[in-house]
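Working notes, structure below.
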Amino acid sequence: MEDTDQKNKEREAADNEMIEKAFHHLLDTYLASRHRKKVDIITKAFNFARQAHKGVRRLSGEPYIMHPIAVAQIACEEMGLGSTSICAALLHDVVEDTDYTVEDIENIFGAKIASIVDGLTKISGGIFGDKASTQAENFKKLLLTMSDDIRVILIKICDRLHNMRTLSSQPANKQYKIAGETLYIYAPLAHRLGLNKIKNELEDLSFKFEHPEEYEKIEQKLAFTEKDRNKLFDDFTAPIREALDKMGLKYSIKARVKTPYSIWTKMQNKHVTFEEIYDILAVRIVFVPLKREEEVNECFQIYVSLNKIYKSHPDRLRDWVNHPKANGYQALHVTLMSRTGQWIEVQIRSDRMNEIAEQGFAAHWKYKEHDQQGDDDNELNDWLRTIKEILDDPQPDAMDFLDTIKLNLFASEIFVFTPKGEIKTMPADCTALDFAFTIHTFLGSHCIGAKVNHKLVPMSHKLKSGDQVEILTSKSQHPKPEWINFVCTAKAKGKIQAILRRDSKEVQRRGEEILRQWLQDHDMTPATSIIDKLCAFHDILKPESFFQALGERSIILGDKDLDELLGKKKTGSSSGGWRKFVPFLKSKDKTSVKPDLLVVGREFNRKIPCVITEDTIGMYIFPDCCHPIPGDDILGFINSKNQVEIHKRTCSVATKFKSSFGNRILDAKWDMHKRLFFDAVIEIRGIDRKAMLFDVSQVLSKDLDVNIHKLTISADQGIFVGTIEIKVHDRDEVVMIMKRLKTIDDLQEVSQIM
């Protein structure tokens, strides 16, 4: 007993030392900043939070108070926020996790800190139905609170960053859920707010937990090629340093290495290997202007000096200095040809521009700690206004809202002019219809076309930077469902959906009346159980969709519906069977039996991974969205029927599930032994020549003994494109086949489809 007491005392002493050390580091960081030194209120908030969380530990085993301290440290050190934000970060979990109320916080720390803590609590709290997306609903709340005080979202991002840094203590299914929603929601939001460093770290951490092997491979290759990159950087920047020294500038030149996540994304999108990516290295010049008001001119003076040393790429000059991005980012980007024959991007920024590039709107916001209101937040306020307009429209599904907002979080930007010469910032790939909705909802909903640079174009015409756009309207015009296909802005999509929903509700009301009348004719009254049975019979998930189909007359109620409701059995065997759920066609084991689909019950342990073997594969559903095969990183998703679907972790459908139904995500692993065949489709491209088809089939059939299901090749103007459908056991076989195909002369590109 004494030994236990002694160990507890030693642990408590060690905990106290760790807590004090972390808090003093926070204070030291704060005192080194440019903010007014309000140490007393920060210390008061720390002591209050420490007492409130006393005795509570995180999954990692450390005292809970270490989490609020870490969040406050990120807010202070990595966002440059002041005492109000630091206090709110220290207190952000007090109301949610303890008996203290927002009123208690207001009485002790004042209305402003209490308001931010209240906003953070509202985001985390709340009870939703099983079909509701808790994360997406919380995201709605988060955006609503943003417009009251941007510091709410900034601290929430700090909170998410620390959770990602400590994610290893969570079980695998929670890791996929948290990493997925981070990649889908928080990284784009950090990007939109200009938090570039944090955005990169959130992406990399998500990638690390979702695809640990791929992450490790890229990290190893980056480490292996570091020496060559350093030499290239030193050789490339030596003459640049000489030129900047002659100009008398105080400056720093840094190497910017592409992040593992961005490298991996490029490898996936471009279907290239790590070795084929040539823009891993970029160079960043940060200078202190000789005159602050001349910093823009000095950016271009540096650009002129660089052009005297290296040839620049004419199509890759990006002037974000005169036209800042919507998130406040300013820099001049130029791509130069090095003496080793490689294009290298150079970013030119002043020290002020660099601070905004690293900390985004957080850098603007900190000036408000001194109650200074500048013009820097106009773009942010415009964006928040757009979000509020979307929030004003009723949404049937939180995911619809999330997708709508997601459209503009990561968008590149172009500049478009109104007929009067007013400049508008728009996302790249936007159309004339997007522009119409940006100006006014009435213009958008009655748009029939546009004049771009005085030429008549359809509303689907894609705009380019510098275009002058005049919108043409007609009172008889009305939004149509197909309009959704050629808009890319959140505002346009949100407004079109809102108008279509209003129209749809009228059709649904008509459908409800048709059902009521039909049931009345057969001596029945409408009930939830009846509607659910009819939905299931017609394979429709939502009653609203069923009413819509009735109202549109795409479903006509008849005798079969009546038989279903009265419980009359259908004759004949059901089509399909378990094999329709499994993506393989052939088995070396002829004794396979039909297993039942797995149904998740209350006693099911969601922390244990689903292990997929030759014997259990028929228990799972394999949807058509991503076609996973052994060797792919996968996860399980419990669908509305409590059956388990298997998806690739990279699948776009699975990404939405992680962001909306995180509690239904399961860990899943393969344990296959090359007894089953799976479908794989490989695309090939290259220079057309005689015997190309023969060489491809020779490599596949003779050299590799691959079972070719289908092979098609078409050629046009000396270039051929082909697809090969094959049967494989696992991902390794696909990689080996692709590697072997790349050795064929004149075959330039090999990639896998899905």
Side-chain angles (χ1 to χ4, degrees), residues 128-133 136-137 394-404 480-482 484-485 496-522 524-578 580-581 597-600 620-626 637-647 651-654 656-657 659-661 664:
F128 305 97
D130 290 338
K131 292 181 181 177
S133 153
E137 288 286 358
Q395 296 284 340
D397 187 350
M399 282 307 295
D400 288 351
F401 163 78
L402 201 91
D403 286 345
T404 304
K480 299 174 180 64
E482 57 267 25
I484 293 289
N485 299 326
I496 293 167
Q497 285 176 331
I499 294 166
L500 292 176
R501 272 195 301 275
R502 283 196 286 272
D503 295 345
S504 178
K505 280 181 180 175
E506 188 56 45
V507 177
Q508 284 179 32
R509 276 195 287 271
R510 193 160 64 237
E512 285 183 60
E513 180 55 32
I514 290 169
L515 176 64
R516 189 195 64 75
Q517 187 61 51
W518 183 80
L519 290 172
Q520 187 178 313
D521 292 344
H522 293 90
M524 287 184 277
T525 54
T528 305
S529 58
I530 287 176
I531 295 168
D532 288 344
K533 267 190 178 182
L534 289 171
C535 284
F537 180 63
H538 289 279
D539 204 20
I540 293 174
L541 292 176
K542 296 179 180 178
E544 294 85 358
S545 303
F546 179 63
F547 294 140
Q548 181 86 14
L550 285 176
E552 291 170 344
R553 298 283 181 177
S554 58
I555 287 179
I556 306 294
L557 296 170
D559 293 340
K560 288 183 179 179
D561 298 276
L562 194 60
D563 290 344
E564 178 68 19
L565 292 179
L566 296 175
K568 293 181 181 178
K569 298 292 181 186
K570 294 182 284 250
T571 58
S573 61
S574 62
S575 62
W578 73 283
K580 73 176 179 179
F581 298 108
L597 283 171
L598 175 66
V599 177
V600 175
Y620 302 97
I621 295 172
F622 289 77
D624 293 331
C625 49
C626 58
F637 172 70
I638 304 168
N639 66 19
S640 58
K641 296 179 181 177
N642 285 333
Q643 298 159 343
V644 179
E645 298 177 6
I646 301 297
H647 294 264
C651 171
S652 58
V653 174
K656 290 186 180 182
F657 288 155
S659 306
S660 55
F661 305 107
R664 296 190 192 176

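As a basis for the values below, the full set of heavy atoms in this structure was taken, side chains included, without hydrogen atoms, waters or symmetry mates. Starting from 1, each residue takes its place in the sequence as its number.
Atom NZ of Lys480 has more than 12 heavy atoms from other residues, nucleotides or ligands within 6.0 Å.
Considering all non-hydrogen atoms of both residues, Leu500 and Pro481 come closest at CD1-CA, 3.7 Å. The nearest pair of heavy atoms linking Lys641 to Val599 is O-CG1, 4.4 Å. In terms of heavy-atom proximity, Val653 sits nearest to Cys625 at CG2-CB, 3.8 Å. Across every non-hydrogen atom of Pro623 and Ile646, the tightest pair is CD-O, 3.5 Å. Closest non-hydrogen pair, Phe547 versus Gln508, comes out as CB-O, 3.7 Å.
For Ser545 (side chain) and Ile540 (main-chain N/O), no donor-acceptor pair under 3.5 Å exists by modelled atom type.
Here Leu550 contributes atom CG and Ile555 contributes atom CD1; the two are 6.0 Å apart, rounded to the nearest 0.5 Å. Atom CZ in Arg501 sits 10.0 Å away from atom CD1 in Ile499 (nearest 0.5 Å). In this structure, CG in Leu515 is found 9.5 Å from CG in Asp561, a value given to the nearest 0.5 Å. Annotation: the span from Ile531 atom CD1 to Glu544 atom CD amounts to 9.5 Å, rounded to 0.5 Å.
For Asp532, the side chain to side chain contact (heavy atoms under 4.5 Å, CB included) partners are Thr528, not counting sequence neighbours.
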> Between Glu482 and Asn485, is a side chain to side chain contact (heavy atoms under 4.5 Å, CB included) present by the stated rule, with each step listed?
Replying inline: CA-CA 6 Å; Glu482 57 267 25; Asn485 299 326; 4.2 Å; yes
>> Set out, in order, the CA-CA distance, both residues' side-chain angles and the distance that settles side chain to side chain contact (heavy atoms under 4.5 Å, CB included) for Leu519 and Ile530, then state yes or no.
In response: CA-CA 10 Å; Leu519 290 172; Ile530 287 176; 4.1 Å; yes
>> Before you tell me yes or no, could you show the steps for His538 and Phe546 under side chain to side chain contact (heavy atoms under 4.5 Å, CB included), namely the whole-Å CA-CA distance, both residues' side-chain angles and the distance that decides it to 0.1 Å?
In response: CA-CA 8 Å; His538 289 279; Phe546 179 63; 3.8 Å; yes
>> If you apply the rule side chain to side chain contact (heavy atoms under 4.5 Å, CB included), what do you find for Leu598 with Gln643, and how did you get there?
In response: CA-CA 6 Å; Leu598 175 66; Gln643 298 159 343; over 6 Å; no
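Applying the salt bridge (charged side-chain N to carboxylate O under 4.0 Å, His left out) definition to pairs two or more places apart or across chains, those involving residues 506-515 are Glu506-Arg509, Glu513-Arg516. Counting only residues at least two apart or in different chains, ring-ring contact (aromatic ring centres under 6.0 Å, His included) contacts with residues 497-518 comprise Trp518-His522.
The aromatic rings of His647 and Phe637 stand perpendicular to each other, their planes meeting at an angle above 60°, with 30° marking the opposite boundary.
Side-chain atoms of Gln548 and Glu552 include a donor-acceptor pair closer than 3.5 Å.
Within the 4.5 Å cutoff, the side chain of Asn639 has heavy atoms near those of the Ile621 side chain.
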